[in-house]
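Throughout, protein chains are lettered first and strands after them, A, B, ... in sequence-line order, and every chain is numbered starting at 1. Just so you know, these numbers come straight off a predicted model, no measurement behind them.
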Amino acid sequence: MTTADDAPTAALPTQYTPKDVEGPLYERWVERGYFTADAGSTRPAYTIVIPPPNVTGSLHMGHAFQHTLMDALIRRKRMLGYEALWLPGMDHAGIATQNVVERELAGEGLSRHDLGREAFLERVWKWKSEYGGRILGQMRRLGDGVDWSRERFTMDEGLSRAVRTIFVRMYADGLIYRAERIINWCPRCLTALSDIEVEHRDLDGELVSISYGPVTVATTRVETMLGDTAVAVHPDDDRYRHLVGTEVELPLTGRHIPIIADEHVDPEFGTGAVKVTPAHDPNDFAIGQRHGLANITIMDERAVITVPGPFQGLDRFEARPAVTDALRELGLIVAEKRPYQHSVGHCSRCGTVVEPRLSLQWFVNVGPLAKKAGDAVRDGRTRIVPGELAKRYFDWVDNMHDWCISRQLWWGHRIPVWYCPDGHITVPETDPTSCGVCGAAELTQDEDVLDTWFSSGLWPFSTLGWPDQTPDLLKFYPTDVLLTGYDIIFFWVARMMMFALYAMPDTPFTTVALTGLVRDGRGRKMSKSSGTAVDPLEWMDKYGTDALRFALARGANPGSDVPIAEEWVEGARNFTNKLWNATRFALMSGATINGELPAYVELSTADRWILSRLGQVVAEVDRAYDGDEAAGVREGYEFGEVSRTLQAFAWNEVCDWYIELAKLPINRGGREAEVTRRVLGEVFDVLLRLLHPLMPFVTEQLWTTLTGAESAVIAAWPNSSYAVDPGSERAVGALQELVTEVRRFRSEQQIKPGVKLPAVIVAGAETAELLAAHTAEIGALARLTDVTIAAVIPAGWAEVVVAGARVGLDLSGTIDVAAERARLVKDLAAARAEQEQVAAKLANPSFADKAPAPVVEKTKARLAAAAAEIARVTALLDALPAQ
RNA sequence: GGGCGCGUAGCUCAGUGGAAGAGCACCCGGUUUACACCCGGGUGGUCGCAGGUUCGAAACCUGCCGCGCCCACCA
């Protein structure tokens with residue numbers, strides 16, 4: 001038993017200093033293997049795989065936010081008795097990483113081609129081992145309870161085998177194919193990009209009208225006219241109907257091109273006639289396919305004009321004005337440049353304007369896969385939280401285009417395809433020695449690598465050992481929650497679903513919990529470019545990891561963005577310190593945690609009240625985490641609700657009232673002190689465990705000190721089995737109201753806190769009895785002396801009114817008459833307004849008919865209270881001495 | 001062009017049919033033996049605008065205004 005005498009508080013200073021405890025605590029957790037999951041365990045599994053950060057990345061506020069939430073989920077489930085696995089790892093981030101290393105090489109005056117493929121890849125691996133994965137160390141600072149023994153990297157041998165296996169199977173099933181298509185091409189990165197690697201931005205362009213003889217076309221990309229192979233009009237357009245089938249001469253080229261009719265053309269737009277450049281525009285390519293047009297490529301991979309003539313060698317942006325000028329000289333620019341805002345694709349990696357380019361690439365046929373991915377959510381096998389965002393998911397999976405998966409990079413999973421001299425394709429599980437079709441021994445492997453998202457799409461099962469049926473895969477798949485930002489739902493979530501539903505019997509996760517984006521204190525998106533980004537480490541250093549985590553969690557409302565500002569973190573730091581000092585108080589007061597709670601009859605009103613509230617708080621926290629299926633309203637994952645509930649309870653109920661109330665019996669000593677110490681210990685034992693998933697460090701330090709137990713990480717999650725006690729809640733409520741009212745009066749009358757006043761309380765029988773038992777508490781909290789229950793308030797005493805009671809205070813003539821009169825006049829006006837309003841409501845015949853009985857009762861009580869208030873205030877005003 | 005969301009106190013946001021809330025900021029008071037990273041008290045809102053439904057609307061419906069995000073092969 002801990003007593004006040006041997007309390008281990010000497011070790012606790014008056015302020016919490018996070019940096020002294022965080023590092024050692026984390027190392028201890030890892031060393032003791034708390035985070036290491038056991039596939040052989042009989043406990044139910046609870047699994048989260050981390051959205052793998054880029055190997056080039058470092059921790060930003062968005063990571064800090066999402067990791068806090070995932071960590072809270074994992075830690076709580078572990079406390080609830082689950083075999084909890086949080087699997088960490090990183091993504092090899094093809095283009096990003098290759099760019100970083102190429103920049104490094106450029107500093108040495110080299111390009112990757114100077115090194116050659118093999119040496120370059122060695123260089124990337126070297127970079128990875130030296131500089132990559134900085135974020136992993138930062139995750140330790142955050143307190144992430146991840147299983148380091150299961151750390152994965154998308155380029156690991158195992159994961160590479162998963163990539164290889166699924167590619168081969170999908171190819172065999174016709175779900176992967178090779179074709180010449182218009183793809184997004186980055187002329188700087190010199191690689192194909194998928195649709196999601198292209199960012200559309202509105203740019204101010206110029207719409208230029210060019211005469212092609214009998215028709216005039218309008219375009220924002222004049223230079224591409226060199227590759228035009230037709231002019232298209234709408235088939236029903238009377239202006240041009242007679243021209244369809246004829247030819248026009250394409251200026252500057254001497255070529256003749258046909259005028260064709262195609263439904264795609266919008267007769268309302270521009271002149272209603274469109275130049276068709278199949279090799280440089282996706283729409284035009286489609287038109288070309290329909291009409292059997294030739295594809296004339298006019299640029300090379302760097303978007304430099306290759307057509308022989310005056311424009312050869314010009315970059316596309318140099319060629320644009322040059323071609324325009326040449327056309328103007330010929331008098332063919334009909335309407336001069338018109339400003340025109342349109343959306344232009346940019347490479348999401350380097351910002352270069354993407355060039356649609358005709359090339360031979362590998363694609364995933366997403367149709368059948370996307371259908372399954374949509375159905376899994378439609379039939380509830382995977383739940384999206386918040387549910388409103390499911391629509392966005394459907395929009396995406398139901399309208400997916402085939403996915404271009406080949407990249408002209410070196411860093412990544414090499415496409416497992418071999419070609420023989422005759423062009424036969426061999427796609428084997430293990431490297432081939434001869435062509436699978438003709439047996440030729442001369443084979444060359446495809447030069448390209450796979451899109452990074454191809455391997456990250458396999459993440460939920462490749463990390464657990466797939467394609468082997470490993471114990472991990474059997475135990476921990478499917479994972480429980482995927483927690484990520486709503487911005488990423490479309491590509492990553494959908495791709496994991498598609499792959500998993502192809503390769504596995506189950507969906508990859510049962511719930512997708514979507515978070516918002518982190519914004520600054522003024523609601524702006526945090527971004528490096530705008531200078532609004534803050535390094536989470538800075539605030540962790542300054543205020544502690546728990547403070548940052550708690551501030552982030554407190555703002556987390558499902559699916560909506562999270563603002564974070566330094567003041568909020570500071571506020572959360574203050575909360576950690578408050579907890580620290582409150583627990584210090586508990587320890588110094590000899591709080592105990594051993595044995596059963598004292599019997600109900602031994603508990604004080606305050607004890608009963610705080611235990612009753614404690615039980616409700618546990619239940620509220622559980623509801624916020626898990627949702628409330630019965631109510632059918634809450635979906636769970638309401639971290640903000642959890643945080644706010646716990647902070648309000650800890651600060652406003654435990655600290656502000658219970659501790660103050662507990663001081664009295666503790667100071668009195670004896671059995672009642674023992675009882676209160678036990679309850680105090682119980683409250684902090686439970687409260688600290690409830691807070692542990694969100695603020696692991698400070699709670700670990702305090703909880704282990706309080707309980708002497710090994711670690712909060714492996715402690716049991718509290719349950720809510722405390723008696724709900726409406727009686728003591730009413731009593732404490734009345735006490736709080738009364739004390740607050742007296743305090744307000746004292747403050748208004750500017751009575752020094754040191755001055756203790758005698759007081760009498762006048763109340764109805766029931767309230768009087770209730771309060772009579774607590775005159776000591778009332779006296780202590782409201783700084784009164786000689787609190788007595790009486791029938792009347794002595795003449796000349798000031799009067800404070802609370803619901804159900806009046807308190808007379810002997811101010812011995814110190815009352816400020818003017819201030820008191822002003823206050824009473826104000827009260828009177830308020831009471832009259834209230835009376836009028838409530839009376840009007842009650843006078844409405846429909847109200848009594850249709851409003852539920854409790855509402856009517858409440859309203860009648862309001863009217864009575866207003867009348868009483870008017871009578872009282874009027875009497876007091878009359879009695880107030882003249883100035 | 002399509003879709004989704006938001007507009008509540010100075011700021012950031014809770015509140016989904018029965019008396020307008022929290023944190024921060026602000027003002028007043030405080031050497032109260034856990035904590036000044038604190039304690040006590042207080043000011044502050046025709047809940048974007050206009051209609052409608054209802055006995056009753058911040059909440060439900062319609063329209064408008066203002067923001068934001070996502071998607072898109074409108075040259």
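Among the protein residues, A/Asp849 comes within range of no part of the nucleic acid, since none of its heavy atoms lies under 4.0 Å from any strand. If you check every strand for non-hydrogen atoms under 4.0 Å, A/Pro845 touches nothing. Heavy atoms of A/Ser560 sit under 4.0 angstrom from primed sugar atoms or phosphate atoms, though from no base atom. Counting any heavy atom pair closer than 4.0 Å across all strands shown, A/Asp656 reaches sugar-phosphate atoms only and no base atom. No contact: A/Thr576 has no heavy atom under 4.0 Å from any strand. Residue-level contact check: A/Lys663 touches the bases, meaning some heavy atom is under 4.0 Å from a base atom.
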Notebook entry, point to check: Given A/Ile183 and A/Phe363, is the side-chain contact (heavy atoms from CB on, under 4.5 Å) satisfied, shown in steps?
Noted result: CA-CA 10 Å; A/Ile183 45 85; A/Phe363 294 87; 3.6 Å; yes

Margin query: Working note: A/Thr484 + A/Thr515, criterion side-chain contact (heavy atoms from CB on, under 4.5 Å); need CA distance, chi angles, decisive distance, verdict.
Written below: CA-CA 6 Å; A/Thr484 186; A/Thr515 68; over 6 Å; no

Next item on the list: Please assess A/Val353 against A/Arg316 for the test side-chain contact (heavy atoms from CB on, under 4.5 Å), listing each intermediate value before the final yes or no.
Entry: CA-CA 11 Å; A/Val353 173; A/Arg316 56 188 163 160; 3.9 Å; yes

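Between A/Arg746 and B/G40 there is no side-chain polar atom (N or O) within less than 4.0 angstrom of OP1 or OP2. Listed pair A/Trp396 / B/C4 fails the phosphate criterion, with no side-chain N or O lying under 4.0 Å from OP1 or OP2. For the OP1/OP2 pair of B/A75 and a distance below 4.0 Å, the side-chain nitrogens and oxygens of A/Thr224 include no atom meeting the criterion. Side-chain nitrogen and oxygen atoms of A/Lys841 include none within less than 4.0 Å of the OP1 or OP2 phosphate oxygen of B/G18. Taking side-chain N and O atoms only, A/Asn581 has no distance below 4.0 Å to OP1 or OP2 of B/C38.
Taking only side-chain atoms of A/Asn844, from C-beta outward, the nucleotide of B/C55, B/A75, B/G18 with the closest atom is B/C55. Among the nucleotides B/C55, B/A14, B/A19, the one closest to any side-chain atom of A/Arg644 is B/A14. When distances are taken from the side chain of A/Arg862 to each of B/A75, B/A19, B/A14, the shortest belongs to B/A19. Out of B/C4, B/A75, B/A19, the shortest distance to the side chain of A/Lys858 is found at B/A19. Of the candidates B/A34, B/C38, B/A14, B/A34 carries the atom nearest the A/Arg584 side chain, counting heavy atoms from C-beta on. Relative to the side chain of A/Arg743, the nucleotides B/G3, B/A14, B/G40 differ in distance, and B/G40 lies closest. Proximity note for A/Asn557 (side chain, C-beta onward) versus B/A14, B/G42, B/G3: the nearest is B/A14. Checking B/A34, B/C69, B/C37 against the side-chain heavy atoms of A/Arg392 singles out B/C69 as nearest. Set against B/U12, B/A34, B/G41, the side chain of A/Ala582 has B/A34 as its closest nucleotide. Listed nucleotides: B/G18, B/G3, B/C24. Nearest to the side chain of A/Phe847: B/G18.
In this structure, A/Asp266 places its CG atom 15 Å from C1' of B/A72, rounding to the nearest Å. Rounded to a whole Å, the CG atom of A/Asp561 is 16 Å from the C1' atom of B/A14. One interatomic measurement links the two molecules: CD1 of A/Ile287 to P of B/C74, which rounds to 12 Å at whole-angstrom precision. Distance, A/Ile564 CD1 to B/C11 C1': 14 Å, rounded to whole Å. Between A/Asp395 atom CG and B/G2 atom P the separation is 14 Å, expressed in whole Å. Rounded to whole Å, atom P of B/G3 lies 13 Å from atom CG of A/Asn399. Note: CH2 (A/Trp568) to C1' (B/A22) measures 12 Å, nearest angstrom.
Nucleotides B/G5 and B/G48 place their C1' atoms 16 Å apart, quoted to the nearest Å. Rounded to whole Å, the separation between the C1' atoms of B/C47 and B/A58 comes to 4 Å. When the P atom is compared between B/U8 and B/C4, the two are found 22 Å apart, to the nearest whole Å. Taking the C1' atom of each, B/C37 and B/G44 are spaced 26 Å apart, rounded to whole Å. Going from the C1' atom of B/G10 to that of B/G45 covers 11 Å, rounded to whole Å. Distance check on atom P: B/G42 versus B/A36 gives 24 Å, rounded to whole Å. Nucleotides B/A59 and B/C6 place their P atoms 13 Å apart, quoted to the nearest Å. Between B/C69 and B/U12, the two P atoms lie 15 Å apart (nearest whole Å).
In terms of modelled atom types and a separation under 3.5 Å, the side chain of A/Asp561 and the main chain of A/Leu517 share a donor-acceptor contact.
A donor-acceptor pair shorter than 3.5 Å can be found between the side chains of A/Thr17 and A/Asp20.
A cation-pi geometry, defined here as NZ or CZ lying under 6.0 Å from the six-membered ring centre and within 45° of its normal, holds between A/Arg743 and A/Trp657. Relative to the ring axis of A/Trp568, A/Arg554 does not place its NZ or CZ within 45° and under 6.0 Å from the centre. For A/Lys663 and A/Tyr658, the positive end is not near the middle of the six-membered ring at less than 6.0 Å and at most 45° from its axis.
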Atom pairs under 3.5 Å, N or O on each side, protein against nucleotides 28-32 of chain B: can you list them with distances?
unit_1 : atom_1 : unit_2   : atom_2 : d
B/G30  : OP1    : A/Lys752 : NZ     : 3.3

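Remark: B/C4 base-pairs with B/G68. Criterion, Watson-Crick or G-U wobble with two distances under 3.5 Å.
More than 12 heavy atoms of other shown residues, nucleotides or ligands fall within 6.0 angstrom of atom CD in A/Glu660.
Residue order along RNA chain B, read from the 5' end via each residue's closest nucleotide, puts A/Val855 first among A/Val855 and A/Ala273. With the nearest nucleotide of RNA chain B identified for both A/Gln647 and A/Trp651, A/Gln647 has the one nearer the 5' end.
Under 4.0 Å is where a charged nitrogen must lie from a carboxylate oxygen, and between A/Lys19 and A/Asp541 no such pair does.
Scanning all heavy atoms of the two residues, the minimum distance from A/Thr224 to A/Lys275 falls at OG1-NZ, 2.6 Å.
If you check distances only, the side chain of A/Lys578 does reach the base of B/C35 with a donor-acceptor pair under 3.5 Å.
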